[in-house]
Amino acid sequence: MIFLVVNQFTIKGTKGNRRPDVVVFINGLPLCVLELKNPADENADILKAYHQLQTYKDEIEDLFIFNEALIISDGMNARIGSLTATDERFMYWRTIKNENDKPLLEYELDTLIKGFFAKELFLDYIQNFVLFEDDSKKIIKKIAGYHQFHAVKEATKCVIEASLNKTRKGGVVWHTQGSGKSISMACFAGKLIKQPQMKNPTLLIVTDRNDLDGQLYATFCSAKMLLGQDPKQIENIDDLRETLKDKPSGGIIFTTIQKFALKKEESHFPILSERDNIVVIADEAHRSQYGFDAMLDGETGTFKYGYAKHLRDALPCATFIGFTGTPIESEDRDTRAVFGEYISIYDIEDAVRDGATVPIYYESRLAKLNLDSEVFKKIDKEVGELVEGEQTNEQEKFKGKWAALEKLVGAKNRIEQVAKDLVEHFETRRASIEGKGMIVAMSRQIAVELYDAIIALKPEWDSNEPNRGAIKIIMTGSASDEASMQKHLYSKQTKKELEKRFKDPEDELKLVIVRDMWLTGFDAPSVHTMYIDKPMRSHNLMQAIARVNRVFKDKKGGLVVDYIGIANELKSALQTYTTAGGKGKGTIDTAEALAEMFKRLEIIQNMFHGFDYSEFMTKAHRLLAPAANFILGLEEGKKRYSDEVLALTKAFSLCGTMSEALTCKEEIAFFQAIKAVIQKANPKTKGIDKDSVIKQIIDNAVVSDGVEDIFALVGLDKPNIGILSDEFLNDVAHMPYKNLAVELLERLLKDDIKSKTKSNVVQEKKI
């Protein structure tokens with residue numbers, strides 16, 4: 001193989017010659033493009049490098065036909081992304097030789113080049129870690145992150161050893177929710193089936209829910225070029241047995257664990273295959289799905305075993321590997337007995353630091369409901385004792401408790417209180433951050449009643465048409481369900497259409513009410529808020545709240561809103577998480593964001609020491625120009641002020657629904673408006689900083705218009721830039737806001753005149 005790295009490779013484009021900084025060739029194919037910006041130029045950051053690559057994609061598109069990765073860097077910072085990745089999807093590459101080889105003090109670009117372009121690793125990467133996804137609008141090219149790359153390499157090695165040594169325990173990959181577990185599983189499958197030691201293995205992917213099975217199956221179908229075959233989805237118990245019975249080799253098969261059920265006349269599950277190159281890949285390897293607990297049947301006096309034992313009986317020589325987004329509980333010996341120990345850990349702290357996920361914030365709204373204290377005590381006490389779906393010898397007792405709690409939770413006055421608070425909260429939330437929300441209800445009946453209560457407050461959100469309306473219920477059901485539920489029961493195809501609507505950030509469907517569906521394996525990045533009104537705990541709770549931790553545009557964090565009292569369960573889940581070796585917080589109390597907001601607010605207030613803006617509520621327009629002028633007069637005032645307002649805005653977007661934060665809403669909007677004025681006068685910035693949640697300014701009506709025309713704010717007519725007349729220069733010289741005048745003149749000279757001299761050589765020479 002011929003490896004070639006070329007600097008300033010010239011390509012004839014649609015608008016003249018283009019010279020990408022670095023192009024990496026293998027056997028003459030341009031597989032990677034690197035765009036590098038000068039580290040000494042404060043304006044040449046990696047975002048500029050990203051935009052440069054977009055220009056190349058438009059003007060020299062032939063260069064990217066074989067592209068596998070794009071790299072952007074400004075010397076210090078470096079990111080890697082796929083051909084179709086948006087700027088927020090360009091990620092870090094922190095490792096060199098393996099998962100533990102993470103240099104702490106080296107340049108990011110140096111680490112990326114050593115860790116990604118090492119010949120052996122690079123060839124492995126382009127063969128096994130690139131896949132595609134069709135979102136019905138466009139084809140998305142996806143590439144693995146460093147944590148996925150090294151985890152899959154190590155997992156492949158462990159499974160081969162476990163199969164050859166007959167230990168059958170491949171291990172567990174624990175990568176936190178939202179960090180790309182499905183892609184890791186697909187890459188693992190693609191790499192493993194190519195290994196000659198495995199002799200064309202059969203891969204059995206096992207989940208515990210139909211919707212999760214379908215979602216993972218869809219990911220693998222999209223990756224069939226990587227896999228080299230079409231995966232098969234098992235339809236029923238008989239289909240499972242027929243497919244696996246004496247299967248000679250090969251195949252990627254999807255099934256739910258429940259299909260390993262005994263038939264009426266059976267006391268043991270029959271052996272389906274004794275081949276030793278069958279690999280069982282378990283999604284969410286936890287005791288509740290894969291335990292071996294035996295239960296005594298009171299009627300027959302015989303013991304009944306869990307599905308996990310039936311699976312082992314069916315495939316006695318198979319090797320097992322687990323992929324999970326949440327840690328294994330310390331007392332969960334069954335999981336370790338089946339799968340072995342951890343192969344790779346990529347936890348919350350890793351994911352948030354890398355920008356693979358955003359942090360999750362927690363806010364309790366129990367106090368806002370004004371519930372009867374006795375009712376509250378009863379709910380609070382019962383929640384911690386209940387969790388749905390676990391196998392237990394006291395199943396009937398559990399059902400009774402659940403039904404009793406359901407009556408309390410579903411009381412009409414409580415439903416109405418929750419609906420009222422939820423609508424107010426969600427509208428306040430969306431005023432500061434664009435996106436969507438999910439509501440988790442305790443039962444299907446409560447979901448319907450909550451929907452009706454919300455629609456009573458917001459009738460414009462309602463629609464009987466599946467392709468219209470701002471709120472929907474997603475749940476299972478049947479023709480025998482009562483009439484009130486029938487409106488909310490959809491066919492499989494309609495649910496797929498609703499899923500597309502909800503995942504589309506532009507669609508009007510902004511809220512969904514769920515009970516079980518969409519709480520695991522569901523990826524909708526624009527979802528920023530989850531309202532929980534259902535008892536949950538352990539990995540079920542951690543999986544659910546992770547729906548809000550996906551990266552999306554300027555989303556700084558997801559928010560979990562508690563209406564039923566899950567605080568203790570979150571603490572318990574976090575204890576399990578930290579005991580297993582996880583770093584970072586499962587959730588962060590919104591009080592921390594509030595404290596950060598007040599800290600930043602005080603810093604900005606102190607920056608205005610000596611300037612009176614106390615009348616901002618009534619005279620905002622008059623104060624904007626002098627306030628901007630004052631800030632520009634401070635040492636490094638422009639940069640310090642911009643940074644602090646951005647930090648303030650981020651904090652407010654996370655805690656803006658809290659009553660303490662709402663008291664500062666108008667003052668924050670005023671500070672944002674001043675920042676917008678400064679940016680408008682700044683020749684280096686076009687428009688408003690994309691990270692600013694400027695929507696708040698509009699909502700508050702503190703500054704509803706007038707920010708666009710900077711000249712009007714300082715008392716000047718917008719000049720004809722073609723003629724810098726003496727009269728205009730004299731007006732500027734006598735402006736009361738000298739600092740702002742300098743910014744405006746700089747803008748005029750650097751932006752507008754520059755654009756005219758491009759087309760007028762005579763004027764350019766004169767100037």
Side-chain angles (χ1 to χ4, degrees), residues 135-137 211 214-215 365 410 412 415-479 481-519 522-534 544 547-548 550 552-553 555 558-559 561 563 657 695 699:
D135 71 350
S136 76
K137 290 185 178 180
D211 55 336
Q215 289 155 9
R365 301 290 287 186
K412 184 180 179 183
I415 292 288
E416 290 173 351
Q417 287 173 311
V418 169
K420 182 175 182 295
D421 187 77
L422 193 151
V423 167
E424 291 175 357
H425 186 282
F426 189 60
E427 292 200 308
T428 302
R429 180 93 169 119
R430 290 193 65 227
S432 61
I433 178 170
E434 196 61 49
K436 307 198 177 192
M438 297 180 76
I439 305 166
V440 187
M442 186 172 178
S443 69
R444 296 187 306 141
Q445 184 61 45
I446 289 175
V448 171
E449 291 172 3
L450 186 55
Y451 179 95
D452 292 340
I454 291 172
I455 292 305
L457 297 167
K458 285 287 180 181
E460 66 272 22
W461 288 2
D462 189 26
S463 176
N464 290 323
E465 299 295 324
N467 61 345
R468 299 188 63 188
I471 183 171
K472 297 291 179 187
I473 300 177
I474 306 298
M475 63 183 185
T476 55
S478 66
D481 287 326
E482 53 190 81
S484 64
M485 290 190 185
Q486 292 301 322
K487 169 187 175 181
H488 305 290
L489 302 182
Y490 305 107
S491 67
K492 191 174 182 180
Q493 183 57 39
T494 302
K495 280 180 182 174
K496 285 185 178 179
E497 292 302 317
L498 286 170
E499 183 175 329
K500 286 180 184 177
R501 285 190 62 200
F502 193 61
K503 288 182 175 182
D504 181 358
E506 305 302 320
D507 195 281
E508 66 171 336
L509 179 57
K510 302 297 182 187
L511 267 177
V512 292
I513 304 175
V514 301
R515 178 179 177 270
D516 300 302
M517 298 185 72
W518 293 9
L519 291 182
F522 183 78
D523 191 4
S526 62
V527 175
H528 55 53
T529 309
M530 173 174 279
Y531 300 93
I532 296 183
D533 198 32
K534 171 186 175 179
R547 298 315 105 202
V548 299
R550 295 338 192 234
F552 179 72
K553 294 184 178 178
K555 177 171 138 187
L559 181 63
V561 181
Y563 279 120
T657 53
K695 195 169 181 288
D699 293 335

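This is a predicted model, so every value here is computed, not measured.
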Within residues 481-490 or reaching into it, pairs that qualify as salt bridge (Lys or Arg N to Asp or Glu O under 4.0 Å) - sequence neighbours excluded | Arg444-Asp481, Asp462-Lys487
Roughly how far, to the nearest 0.5 Å, is the [atom2] atom of [Y] from the [atom1] atom of [X]?
X      : Y      : atom1 : atom2 : result
Thr657 : Arg429 : OG1   : CZ    : 6.5 Å
Leu509 : Asp504 : CG    : CG    : 9.5 Å
Asp533 : Ile415 : CG    : CD1   : 6.5 Å
Arg515 : Ile474 : CZ    : CD1   : 14.5 Å
Leu422 : Ile454 : CG    : CD1   : 5.0 Å

Is there any side chain to side chain donor-acceptor pair (under 3.5 Å) pair reaching into residues 467-479, and which pairs are they, with sequence neighbours excluded?
-> Ser478-Ser480
Using the side-chain hydrogen bond (donor to acceptor under 3.5 Å, both in side chains) criterion, which residues pair with [X]? Sequence neighbours excluded.
X      : value
Lys510 : none
Gln486 : none
Gln215 : none
Thr428 : none

Name of the residue among Val512, Thr529, Leu511, Asp507 meeting side-chain contact (heavy atoms from CB on, under 4.5 Å) with Lys436 | Asp507
So do the side chains of Phe522 and Met517 get within less than 4.5 Å of each other, counting heavy atoms only?
-> no
Do Lys458 and Glu427 have side chains that get closer than 4.5 Å, going by heavy atoms?
-> yes
Considering non-hydrogen atoms only, spot the tightest contact between [X] and [Y] and give its length.
X      : Y      : value
His528 : Val548 : C-CG1, 3.9 Å
Ala441 : Ile513 : CB-CG2, 4.1 Å
Ser526 : Phe502 : OG-O, 4.2 Å

Side chain [X], main chain [Y], donor-acceptor under 3.5 Å:
X      : Y      : value
Arg547 : Val527 : no
Lys555 : Pro525 : yes
Glu508 : Gly469 : yes

Stepwise, does the side-chain contact (heavy atoms from CB on, under 4.5 Å) test hold for Leu450 with Gln445?
-> CA-CA 9 Å; Leu450 186 55; Gln445 184 61 45; over 6 Å; no
Evaluate the criterion side-chain contact (heavy atoms from CB on, under 4.5 Å) for residue pair Ile439 and Val514; output intermediate values, then yes/no.
-> CA-CA 6 Å; Ile439 305 166; Val514 301; over 6 Å; no
Applying ring pair (Phe, Tyr, Trp, His ring centres under 6.0 Å), which residue pairs with at least one partner in residues 422-464 are found, sequence neighbours left out?
-> His425-Tyr531, Tyr451-His488
By side-chain contact (heavy atoms from CB on, under 4.5 Å), which residues pair with Lys420, not counting sequence neighbours?
-> Glu424, Leu457
Just do the salt bridge (charged side-chain N to carboxylate O under 4.0 Å, His left out) check on Arg501 and Glu497 with the steps written out, would you?
-> CA-CA 6 Å; Arg501 285 190 62 200; Glu497 292 302 317; over 6 Å; no
Salt bridge between Glu434 and Lys553, side-chain N to carboxylate O under 4.0 Å?
-> no
Run the salt bridge (charged side-chain N to carboxylate O under 4.0 Å, His left out) test against [X] and tell me which residues pass, sequence neighbours left out.
X      : value
Glu416 : none
Asp452 : none
Lys495 : none
Glu506 : none

